[in-house]
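Everything below concerns the one structure shown next.
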Amino acid sequence: QVQLVEYGGGSVQAGGSLRLSCTASGGTFSRYSMGWFRQTPGKEREFAAAISLLGGSTNYADSVKGRFTISRDNAKNTVYLQMNSLKPEDTAVYYCAASRTPAAVTTRLQYNYWGQGTQVTVAS
C-alpha cells in the first residue's frame, strides 16, 4: 500500500509561482508513474500532469502546458509540480497520484493510489 502526502499549497497572486511536492511511502517509488490532478467544487477531478516511472516521459493538460513542470526524484520518493504564471482558473485542490502503469498516463482510472490533496488559491 502506497501512501502519498502533498505539500506546498497556498495562496498566491495571479502571475506568481508555487511548487507542490508529494512524498510517497510504503512502496517502491520508482515502480510507479506519477501524476497530478486537480478539482474544483462541483467539477470532476481533471488531469494536470504526469511523469513516467523513471522520469523520461511527461504529459500535460493543454491548460497547463508551458506553465507547469512535473519532475521526480526517485532517491527522495518525491514528485514535484512547479507551477508558474498562475491564473485564477488554476485555483483548485491538487492531488498527487501513483500508477502501476510505467508510462505517463492521463486518466484517473489508471491511477491506483491518491493523496489527500492540497489547496491552491490564485487571486486575481
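All figures in this text were calculated on a predicted structure; none of them were measured in a lab. Index from 1, following the sequence.
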Quiz item: If you take all heavy atoms of S124 and Q13, which pair is closest and at what distance?
Solution: O-OE1, 3.8 Å
Quiz item: Does the side chain of T40 reach to within under 4.5 Å of the side chain of T91, using non-hydrogen atoms?
Solution: no
Quiz item: Is a side-chain donor or acceptor of N74 paired with a backbone partner of L53 at a separation under 3.5 angstrom?
Solution: yes
Exercise. Determine, using the 4.5 Å side-chain heavy-atom cutoff (strictly less than), whether W114 and V93 are members of one ILVMFWY cluster.
Key: yes
Practice problem: Return yes if some donor-acceptor pair links the side-chain N/O of S99 with the main-chain N/O of S33 below 3.5 Å, else return no. | Solution: no
Quiz item: From R38 CZ over to D90 CG, what is the distance, rounded to the nearest 0.5 angstrom?
Solution: 5.0 Å
Quiz prompt | Whether Y95 side chain and E6 backbone form a donor-acceptor pair below 3.5 Å | solution = no
Self-check item: Gap between atom OH of Y80 and atom OH of Y7 - 0.5 Å precision
Solution: 11.5 Å
Quiz item: Does F37 belong to the same Ile/Leu/Val/Met/Phe/Trp/Tyr cluster as V122, with side-chain heavy atoms less than 4.5 Å apart forming each link?
Solution: no
Quiz prompt | Donor-acceptor contact below 3.5 Å, side chain S52 vs main chain P102 | solution = no
Practice problem: Indicate whether the side chain of N77 and that of T23 have a donor and an acceptor atom separated by less than 3.5 Å. | Solution: no
Practice problem: To the nearest 0.5 angstrom, please state how far the CG atom of L4 sits from the CZ atom of F29. | Solution: 8.0 Å
Quiz item: Do I51 and V64 share a hydrophobic cluster (ILVMFWY, side-chain heavy atoms under 4.5 Å, transitive)?
Solution: yes
Quiz item: Sub-3.5 Å donor-acceptor pair from the side chain of R72 to the main-chain atoms of G55, do we have one?
Solution: no
Exercise. Starting at OG1 of T69, measure out to CE of M83 and round the result to the nearest 0.5 Å.
Key: 11.0 Å
Practice problem: Measure the shortest side-chain to side-chain distance between L86 and F68 over non-hydrogen atoms and say whether it is less than 4.5 angstrom. | Solution: yes
Practice problem: Would you name the heavy atoms of S21 and T78 that are closest together and state the gap between them? | Solution: CB-CG2, 4.2 Å
Exercise. Hey, could you give me the CD/CD distance between E46 and Q39, rounded to the nearest 0.5 Å?
Key: 9.5 Å
Quiz item: Just by distance, do the side chain of Y111 and the backbone of C96 share a donor-acceptor pair under 3.5 Å?
Solution: no
Practice problem: Please check if the side chain of N59 supplies one atom and the backbone of A104 the other of a donor-acceptor pair under 3.5 Å. | Solution: yes
Exercise. Examine V120 and M34 and state if one hydrophobic cluster contains both, with Ile, Leu, Val, Met, Phe, Trp and Tyr joined whenever side-chain heavy atoms are less than 4.5 Å apart.
Key: yes
Practice problem: Working to the nearest 0.5 Å, report the span between CD of Q116 and SG of C22. | Solution: 11.0 Å
Exercise. Evaluate the side-chain hydrogen bond (donor to acceptor under 3.5 Å, both in side chains) criterion for residues Y113 and R100: first the C-alpha distance (whole Å), next the side-chain angles of each, then the deciding distance (0.1 Å), finally the verdict.
Key: CA-CA 9 Å; Y113 303 101; R100 297 190 187 101; 3.0 Å; yes
Exercise. Could you pull out the closest heavy-atom pair between G35 and I70, with the gap in Å?
Key: CA-CD1, 4.5 Å
Practice problem: Could you state whether Y32 and F47 fall into the same hydrophobic cluster, counting links through intermediate Ile, Leu, Val, Met, Phe, Trp or Tyr residues with side-chain heavy atoms under 4.5 angstrom apart? | Solution: no
Exercise. Grab the two heavy atoms, one from S17 and one from N84, that are nearest each other, plus how far apart they are.
Key: OG-OD1, 2.9 Å
